[in-house]
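Order of appearance sets the numbers: ligands from 1, and atoms from 1 within every ligand.
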Amino acid sequence: MQDNHDRKWPGEPASPKGRVWQDPTRAVHGGPRPCDQRGLINPPVDRASTIIYDSVEAYMDRHQGLYDEVIYGLYGTRTTFALAEAVSELEGGCNTVITSSGTSAIALALTAFVAGGDHLLVADCVYGPTRKFLTDVLARFGVEVEYFRPDIGAEIAGLCRSNTRLIYMETPGSQTFDMIDVPAITAIARSRGILTALDNTWATPLFFKPLAHGVDISLASATKYLSGHSDCLLGTMTAASDAVYRQLKDAAARWGNCASPDNCYLVHRGIRTLDARLERHQRTAATLIEWFAQQPEVVAVRYPAHPADPGHAIWKRDFTGASGLFGVQLDGLTPPETSSFFNEFSLFQLGSSWGGFESLAVPAWPAPIRDFPNGEADGALIRIHAGLEAPQDLIADLAAAFARVRALRGRGQAS
Ligand SMILES: *Cc1c(COP(=O)(O)O)cnc(C)c1O
C-alpha cells in the first residue's frame, strides 16, 4: 500500500487565518484545511486516551501543550481541536473549549471564575438547569447568586458590588424569550472589571455574536442547532481573549470534562449545513407564527423577531436572524384540553431539547422558578420548535389540535 504521509494535498480553501469569508462560507469550510488532514474534507475521528511520546524529555514537558496540543485523550484529540477552531471562527473568538454537553459548558464557565465570597449576577430567564446548578452547587461553595430582571439594561450598575465577579446572561431567555440589552450590560461590566458570559444557544453565532457585543465568554449547547440531528450532546465555551480561554481550558481539565471525539465529528459535520438549516427553521417559524396569530385562543406569541414582541427592538438592533424556537401563550387549557392538545399530534413530538430536524411541541411552566415572573402564569405557554418538515403539514397538525380543544369546549358548553 502506498504511504500517503508525504503526499502533497491540494491546499485550497486557503489559509483559515485572516480570511474574510461570510458566515455561510465559514460554516462550510471552518476548521483545518483538507491539506492539513490528508485530503479529508471533514476532520478524521481520533479516539484516544493514551498519547505516546518519543522521548522522556517530551513526556516530562507535555503539560505545556494543554491549550493547543494533543497530549492526553481527556484534553482533546485532533477531532476536538478541529471543532474548536471551526466554532471559534464562527463566534469570532480567540479560542474555544469543547465540553461534554451544554450543561457542562455552563457549569464549567461559572466555576472557572468564581470563588467562595464572590457575588454573581444572573439573568432571571436562564435555562432551568443553569439555575439548579447555581442553587444546588455554587451556593454550597459560598457563592452569592442574585437574579436580575432581563430588561434591566444599564440599571445593572445599581446591582454591581465590589465582589461581583461575573454577570451571566441568556438571550432570548429560556421559555419566555426575554431579550437582554447586552451592549448596555457589557459596557458597565467592562468599566468595572466584571466578566460576562452569555448562553447563545438559541441564536447560534450565525444570528448573534456575543463577543462582538462585549461579552467575554460565549456559551452554547451544540446539542441543539450545531449538531442539528437530535442524536448527540456537546457544549462550547468560546473566549474573547487567550487568558480567558486558558482559564476555561484549565477548568475543563481539572474537572475531568471530556468531549467525545465521535460527537465532535458529528457536530462539525452538522455545522456544514447550519446556515441552510437555520434559514429554513427561521422561515417555517415565521409561517407558523403567522398562523398562530390568527387563532382566537392565542393570547400572545413569544418570539423576538415578531414585531409585537416586547424585545423586538433589541433583537432588530443586535441580531441578524431568528431560529425556529418560540413560545405561544394560549388563553388557558384545562387538564383534559392539555392532554387532547399534546397527545394526539401526528407530526409534532413531545420531548426535551430542540434544534434538530424535527418539530416539537411541549408545555412550559417557567413561573415557579422565576424571581420576576412576567405574566407567564396566566394561561398556557407552549414551546414550539419549527422543524424542517413542509410547513403545510405542520399547520394541518396544529389545526387538528386546535379543533380538538374547540370540540371539548363546545361539549362543555352544551352540557
Ligand atoms: C439545552 C440547553 C442547554 C443544555 O444543553 P445540553 O447539551 O442538553 O446539556 C443549555 N442552554 C440552553 C439555552 C439550552 O436550551
Side-chain angles (χ1 to χ4, degrees), residues 80 83 87 91 96-111 122-137 147 150 168-180 182 197-208 210 215 217-238 252 255 257-260 262-264 266-268 270-271 274 278 281 285 302-304 311 319 322-327 350-356 358 360-366 369-370 381 383-387:
T80 326
L83 175 62
V87 172
E91 293 271 6
T96 297
V97 182
I98 310 293
T99 69
S100 59
S101 67
T103 305
S104 66
I106 293 162
L108 287 169
L110 287 165
T111 46
V122 178
D124 197 37
C125 57
V126 294
Y127 179 62
T130 302
R131 208 171 175 109
K132 283 199 184 116
F133 178 79
L134 291 164
T135 310
D136 298 352
V137 183
Y147 292 94
Y168 184 93
M169 297 170 274
E170 179 182 327
T171 184
S174 272
Q175 305 200 5
T176 44
F177 301 89
D178 322 62
M179 291 300 293
I180 295 176
V182 176
L198 187 146
D199 182 333
N200 195 33
T201 304
W202 182 87
T204 83
L206 290 189
F207 289 158
F208 182 57
V215 172
I217 306 157
S218 178
L219 301 166
S221 166
T223 308
K224 311 288 167 59
Y225 284 121
L226 301 198
S227 147
H229 293 75
S230 309
D231 54 3
C232 80
L233 291 139
L234 224 55
T236 67
M237 312 190 278
T238 304
W255 285 100
N257 190 283
C258 184
S260 122
D262 294 87
N263 287 355
C264 289
L266 287 172
V267 167
H268 208 137
I271 288 175
L274 179 63
L278 275 178
H281 285 297
R302 292 168 185 260
Y303 189 62
F319 285 54
S323 64
L325 191 78
F326 58 93
L350 262 168
S352 290
S353 206
W354 45 273
E358 80 289 9
L360 300 167
V362 293
W365 285 283
I369 60 164
R370 296 286 169 88
L381 184 59
R383 194 186 70 184
I384 300 282
H385 179 248

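Not one N or O on the side chain of H268 forms a donor-acceptor pair closer than 3.5 Å with the backbone of L266.
Ranking the protein heavy atoms by distance from atom 8 (O) of ligand 1 puts L233 CD2, 3.7 Å first. Considering only non-hydrogen protein atoms, atom 12 (C) of ligand 1 sits nearest to D199 OD2, 3.4 Å.
Considering backbone and side-chain N/O atoms, K224 comes within less than 3.5 Å of an N/O atom of ligand 1. Considering backbone and side-chain N/O of S221, one or more are found under 3.5 Å from N/O of ligand 1. In terms of polar-atom proximity, T223 is counted as a contact of ligand 1, with an N or O under 3.5 Å from an N or O of the ligand.
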Can you check side chain to side chain donor-acceptor pair (under 3.5 Å) on S230 and E358, steps first, answer last?
CA-CA 8 Å; S230 309; E358 80 289 9; 2.9 Å; yes
M169/T171 under side chain to side chain contact (heavy atoms under 4.5 Å, CB included): CA gap, chis, key distance, verdict
CA-CA 7 Å; M169 297 170 274; T171 184; 5.6 Å; no
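If you look at T103 next to ligand 1, the close heavy atoms, those under 4.0 Å, come from the backbone and the side chain alike.
The ligand atoms of ligand 1 that sit less than 4.0 angstrom from a heavy atom of E170 are 13 (C). Close approach to W354 involves these atoms of ligand 1, each under 4.0 Å from a residue heavy atom: 15 (O).
Taking the six-membered ring where the residue is Trp, Y225 and H385 present tilted rings, their angle falling between 30° and 60°.
At a 4.0 Å cut-off, not a single heavy atom of W202 sits close enough to ligand 1 to count as contact. Ligand 1 lies less than 4.0 angstrom from a heavy atom belonging to I106.
With rounding to the nearest 0.5 Å, the separation of CD1 in I106 from CE in M237 is 11.0 Å. Within the model, atoms CH2 of W354 and CZ of R383 stand 7.5 Å from one another, a figure rounded to the nearest 0.5 Å.
For the pair R131 and Y147, the distance from NZ or CZ to the six-membered ring centre is under 6.0 Å and the angle to the ring normal is within 45 degrees.
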